Amino acid sequence: MSVPEGHMRGSSAVTTTLGLIGAGRIGSALARLAIAAGLEVVVSNSRGPETLGELVASLGERARAADVCDAAQAGHLVAVTVPLGSCTALPVPELAGKIVIDTMNYYPERDGNIAQLDQQELTSSELVQRRLSGSRVVKAFNNIDFRRLELLARPGISAERSALPVAGDEDKARTEVRELLDVLGYDSVDVGNLAESWRFEPNTSVYVQPYLPDRPAGLSGVDDTMRWFLECPGAVLAADEVERLVRTTSRMSPATARERLD
């Protein structure tokens, strides 16, 4: 199946509340970008709003902590940033009718083996859409690490703007998420429906690595590598290059990917 062409920049401003289910590294990075862009943010996690005081205080007056159901109801757009294996605990009734941004990735060693994904019968986002049948699921923000997500954000006038791929089954929902990306500091590339979202899942050409600079020689051990990962700047990845990568990437099963790592 071919990938639709087109990337977005310079959309009208998004005036909305972003709900966040999950306040880990990606969720916190999204919250900071949203606050910087002037949005309202409602943050939640599985442990309860009382555990989010430090994060909310750092975000300022346009942010508040809530339980998961409240965050789902409050957000016009709701970003889900939990492990894929936890998606069965998402509040289905509260997310009905919502645009749900799926940032999740399938890691069998963490999430347990899911036969439909191992056999490539579905993409992980199609599985999420089946779970949230009354919601409009859009895949985004899953192919970039939390540090580069913040470091590479640029205003729309910048010549050094990176792009992120987006996929979803409903055109209007996909467009709204692309408008959000624009406000948060990114161009976007429309990859099409959720069946095509494998093109930016783990083990594909546009997953994480292209947003990183070349790793320097001489890194020794896990500590050095992690220090470099946390401190290195991002590598700008323009929309044209993202389009090329999603068009030319190959699909690899999780089992094959693990075999190559062994």
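Keep in mind that what you see is a predicted model, and the values were worked out from it rather than measured. We count residues from 1, following the sequence as given.
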Pairwise distance CD(E196) to CZ(R247) - rounded to 0.5 angstrom: 10.0 Å
Check: R199 main-chain N/O paired with T249 side-chain donor or acceptor under 3.5 Å: no
Donor-acceptor contact present, side-chain D111 to main-chain G85, <3.5 Å: yes
Residues in side-chain contact (heavy atoms from CB on, under 4.5 Å) contact with N142, at least two apart in sequence or another chain: N105, K139, F200
Pairwise distance CZ(R174) to CG(D190) - rounded to 0.5 angstrom: 4.0 Å
Side chain to side chain donor-acceptor pair (under 3.5 Å) against D145, all qualifying residues, sequence neighbours excluded: R148
Spatial distance of atom CG (L237) from atom CD1 (I144) [nearest 0.5 Å]: 8.5 Å
Nearest-0.5 Å distance, CZ of residue R251 to OG1 of residue T123: 7.0 Å
E150: partners by salt bridge (Lys or Arg N to Asp or Glu O under 4.0 Å), with sequence neighbours left out: R32
Flag side-chain contact, heavy atom, 4.5 Å: Y211 against L164: yes
R147: partners by salt bridge (Lys or Arg N to Asp or Glu O under 4.0 Å), with sequence neighbours left out: none
Short N-O contact, D187 and R154, less than 4.0 angstrom: no
Can you give the donor-acceptor pairs under 3.5 Å from side chains of residues 76-83 to other protein atoms, not counting sequence neighbours?
residue: H76; atom: NE2; partner: E176; partner atom: OE1; Å: 2.7
residue: T81; atom: OG1; partner: I21; partner atom: O; Å: 3.4
residue: T81; atom: OG1; partner: G22; partner atom: O; Å: 2.9

Donor-acceptor under 3.5 Å (Y106 side chain, I114 main chain): yes
Distance in Å, F146 CZ paired with S28 OG, rounded so as to fall on 0.5 Å steps: 10.0 Å
Non-neighbouring partners of E40 that pass side chain to side chain donor-acceptor pair (under 3.5 Å), sequence neighbours left out: none
E126 side-chain N/O to Q129 backbone N/O, donor-acceptor pair under 3.5 Å: no
Flag, side chain of S158 to backbone of P155, donor-acceptor distance under 3.5 Å: no
Distance in Å, L122 CG paired with L194 CG, rounded so as to fall on 0.5 Å steps: 10.5 Å
Residue list, side chain to side chain donor-acceptor pair (under 3.5 Å) with S86, at least two apart or on another chain: none
Partners passing salt bridge (Lys or Arg N to Asp or Glu O under 4.0 Å) against R227 (at least two apart in sequence or in another chain): D224
Modelled atom types, side-chain donor and acceptor of N113 and D118, under 3.5 Å: yes
Qualifying residues under side chain to side chain donor-acceptor pair (under 3.5 Å), relative to D214, sequence neighbours excluded: none
Side chains of E201 and S124 in contact at under 4.5 Å (non-hydrogen atoms): yes
Pairwise side chain to side chain donor-acceptor pair (under 3.5 Å) hits with a residue in residues 92-101, at least two apart: none
Residues forming a side-chain contact (heavy atoms from CB on, under 4.5 Å) with S46, sequence neighbours excluded: none
Contacts of D70 that satisfy salt bridge (Lys or Arg N to Asp or Glu O under 4.0 Å) - sequence neighbours left out: R64
